[in-house]
Amino acid sequence: MIKRLFFLLSLLGAVLVFESCKDSTANYHDSSNSRKVSTTSNPEIQKKVTELMSKMSLEDKVGEMTQLTIDMLLEGRTFNIKEPQRFDQAKLEKALVDHRVGSILNVAGHAYPLERWHEMMDTIHQYAMKKDTKIPVLYGIDAIHGANYTLGSTLFPQQIGMAASFDRELTTEIGRITAYETAASWIPWTFSPVADLGRDRRWPRVWEGFGEDVYVTQELTKALTVGYQGEDIADPYRVAACLKHYLGYSVPLVGKDRTQALIPKRQLFEYHVPPFKAGIDAGAKTVMVCSGEVNGIPVHADKYLLTDLLRDELGFEGLLVTDWDDINYLYERHKVAKDYKDAIRISINAGIDMSMVPVDLDFPVLLAELVREGEVPMSRIDESVRRILTLKFELGLFDAPYPKDTDFSDFASAKHIATSLKAASESIVLAKNEKNLLPLSKDSRVLVTGPTANSITAMNGGWSRTWQGTDPQYNTPGKLTISEAISTLVGKSQFTYVEGTSYNEAVNINTAVAAAKKSDVVVICLGEMPYCEKPGDIDDLNLPDAQADMVNAIAKTGKPIVLVMIGGRPRIISPFADAADAIMLGFLPGHEGGKAIANLLFGDANPSAKLPLTYPRFSNSLETYDHKWTDIQNRDFSLNGFNPQWDFGHGLSYTTFKYSNIKLNQSAFALDEEIEISVDIENTGNLAGKEAVLLFVADKVASISPSVRRLRGFEKIELQPGDKRTVTFNLSPQDLSFVGIDYEWITEPGAFEVQIGGLTTNFEIID
């Protein structure tokens with residue numbers, strides 16, 4: 001009998017058709033072999049928690065499990081708050097004292113300056129101290145690419161851009177700076193990172209994650225978590241991380257936000273669980289539940305996913321919080337509860353610790369009723385409250401509810417901005433460069449046009465000063481749009497800007513054409529306007545006709561065209577891509593995106609980003625790079641059916657890199673042996689450059705049809721002209737495992753092919 005290496009140790013049932021995953025559990029290996037960071041609090045903290053809980057009433061406890069939006073504490077009506085914003089003293093008293101609410105989140109419509117945050121945190125704390133328990137409030141915010149709800153803070157590329165950088169260290173540094181500037185706002189908790197896989201390019205939240213690949217998402221989820229939390233979240237410069245959105249949120253059946261997902265058990269375990277496992281092993285203190293449903297069961301109601309898998313199998317010990325109003329939605333949207341109270345019963349018994357209510361005070365009242373009626377065990381309440389209080393003690397909130405005596409003089413400092421510029425430069429993919437049009441000469445007469453050419457908000461995307469990121473009045477002064485940055489580089493005498501089109505309507509295309517005729521080169525900036533979550537749903541991945549019409553009209557002038565794409569997901573450009581001589585894919589590069597793009601266009605920086613997802617050529621061709629062999633069959637059964645605009649990992653540079661001397665430490669490996677793979681990379685061009693070295697492995701034959709290839713390693717290196725470096729990857733056979741026929745993690749003996757930079761070599765795993 002062939003020996004197999006198992007990682008999943010037990011099954012909960014014998015039914016093999018995956019419904020809600022209730023029939024099996026799984027143990028997951030970490031392919032990086034990194035040490036798990038324990039989230040169990042120290043005994044001294046647990047002693048304090050036990051002592052405090054012994055003095056708490058039921059009302060105290062259900063209050064701790066309640067999270068309200070800040071609107072509930074301000075003058076005016078919810079989502080229609082009076083400006084300037086002021087606290088309503090009666091609302092504060094009712095929520096924080098009478099109902100003992102334990103957590104607050106969000107902003108009321110827009111970002112606040114640091115001083116306003118400090119005033120708010122101080123006021124909230126003063127009211128919390130009126131409670132007999134003196135338990136401080138835990139405040140949470142969506143600081144997902146910088147402290148984006150604090151005016152003037154440093155904003156970085158969104159996660160999809162950091163995935164394109166393939167740079168772990170830079171991602172960790174961005175997390176550290178984000179934590180620093182969030183803590184400077186006296187906020188201890190960020191709802192980040194996003195560990196969802198962006199495998200459906202239609203989904204409006206693709207840009208919030210690290211792309212379509214499991215390994216990249218695992219590695220950068222760990223990197224960002226470590227950046228936020230450091231070694232000790234009691235450090236006043238650190239914040240608690242929150243992995244989201246657990247689980248299966250990012251592959252909705254119809255491609256639209258908060259719609260149902262149908263995920264076979266094998267795919268759920270092999271693709272969607274590992275990034276969350278990686279974040280948990282890195283020590284993430286909190287997890288947020290996804291707003292969707294998987295295989296007919298809303299995740300907020302699924303005890304298997306929330307307790308059996310998350311707690312027992314993945315080892316998560318921290319705080320589990322809902323997403324926005326999602327307990328109520330079990331009743332209103334999903335129709336699995338008869339009323340709100342029933343929805344509370346279902347979700348709390350399934351394993352929820354804290355409800356992001358967020359706009360009513362019925363939740364704690366109804367939850368207390370359910371406990372008294374015996375519908376929710378007191379033991380379930382105590383579990384959740386222990387986790388909440390543990391986090392508050394670990395953050396040091398009982399000793400210092402806000403770090404008012406801490407020096408935050410680096411807030412939005414020059415070195416933080418320099419890191420943002422570096423990240424933006426490394427996030428922008430050079431996808432096409434015919435006849436080496438780029439870099440452009442600064443002596444060129446340049447026309448800049450298009451809907452994203454003169455917009456900071458377009459480069460920042462959603463979760464930028466406002467939820468949708470669309471209001472420019474909150475932009476940081478002095479940040480340059482693409483057109484402004486190009487004008488600064490080449491000088492106003494060499495520069496022309498014409499709007500050309502809005503996002504979906506022609507404005508002055510004829511004027512743009514006339515200006516193109518007088519220019520040496522045309523930079524056309526296309527793409528999307530900002531959006532976030534449900535408002536970002538689309539029915540078609542093609543760009544509006546107005547954008548295509550402008551490209552085609554300018555192409556008739558015969559002038560060289562550079563396309564710069566800005567947006568949160570790939571939009572189809574195949575109808576006019578051939579008209580462009582060069583194409584840059586900017587995704588959402590953040591505050592310094594305009595300067596970064598200008599620097600790249602004119603050679604003051606060298607592109608190094610690579611695509612973290614497969615860029616589709618057609619709206620209905622949405623295969624991922626790790627597709628099956630059957631996915632590449634054409635209509636005549638020839639094997640050339642996989643034909644994206646650009647493949648995963650594609651990205652050009654202004655220098656050239658030569659790969660050579662791919663080697664293995666041996667040709668055959670036992671299941672307990674380490675596989676060492678090395679390759680030499682030489683900079684054969686005339687410019688210094690960075691290269692993301694990507695290691696793919698193809699399983700030649702497997703009991704479950706294998707993908708054509710899977711990314712199993714990556715490293716970002718920098719080489720001067722003429723320099724050569726050997727890059728070594730160390731894998732174990734376990735790193736090549738998959739979820740097999742029996743729904744167990746398995747590494748099978750057999751033949752494998754290694755692929756690095758166009759080179760290949762083979763090895764075997766033997767029994």
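Along the sequence shown, the residues carry numbers beginning at 1.
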K.L.:
Report yes if the distance between the aromatic ring centroids of F269 and W745 is under 6.0 Å, otherwise no.
P.N.:
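So the answer is no for these two rings.
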K.L.:
Is the ring centre of H650 less than 6.0 Å from the ring centre of Y615?
P.N.:
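Distance test on ring centres: not under 6.0 Å, no.
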K.L.:
For the residue pair F669 and F763, is the inter-centroid distance of their aromatic rings smaller than 6.0 Å?
P.N.:
yes
K.L.:
Would I677 and I675 count as a side-chain contact (heavy atoms from CB on, under 4.5 Å) here? Give the steps.
P.N.:
CA-CA 6 Å; I677 306 163; I675 304 166; 3.8 Å; yes
K.L.:
Using 4.0 Å as the upper bound for N to carboxylate O, is an ion pair formed by E691 and K610?
P.N.:
yes
K.L.:
Is it true that D647 and R709 have a side-chain N and a carboxylate O under 4.0 angstrom from each other?
P.N.:
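Yes, charged N to carboxylate O under 4.0 Å.
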K.L.:
Give a yes or no answer on whether the side chain of T190 reaches the backbone of A143 with a donor-acceptor pair at less than 3.5 Å.
P.N.:
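Such a contact is found between T190 side chain and A143 backbone.
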K.L.:
Does the gap between the ring centers of F316 and F276 come in under 6.0 Å?
P.N.:
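No: the rings miss the under 6.0 Å criterion.
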K.L.:
If every non-hydrogen atom of W189 is compared with every non-hydrogen atom of V239, which pair is closest and at what distance?
P.N.:
N-CB, 4.1 Å
K.L.:
Run the numbers on D410 and Y237 for side-chain contact (heavy atoms from CB on, under 4.5 Å), then give the verdict.
P.N.:
CA-CA 11 Å; D410 269 337; Y237 297 113; over 6 Å; no
K.L.:
What closest approach, in Å, do P616 and R201 show between heavy atoms, and which atom pair accounts for it?
P.N.:
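Closest approach of P616 to R201: CD-NH1, 4.2 Å.
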K.L.:
Tell me, which pairs form a salt bridge (charged side-chain N to carboxylate O under 4.0 Å, His left out) where one or both residues lie in residues 168-177, sequence neighbours left out?
P.N.:
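Output for this query lists R168-E219, R168-E715, E173-R176.
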K.L.:
Between Y625 and L611, is a side-chain contact (heavy atoms from CB on, under 4.5 Å) present by the stated rule, with each step listed?
P.N.:
CA-CA 11 Å; Y625 87 93; L611 279 170; over 6 Å; no
K.L.:
Is it true that a side-chain atom of K716 and a backbone atom of F166 form a donor plus acceptor pair closer than 3.5 Å?
P.N.:
no
K.L.:
For the pair Q158 (side chain) and E208 (backbone), establish whether a donor and an acceptor sit closer than 3.5 Å, ignoring hydrogens and angles.
P.N.:
no
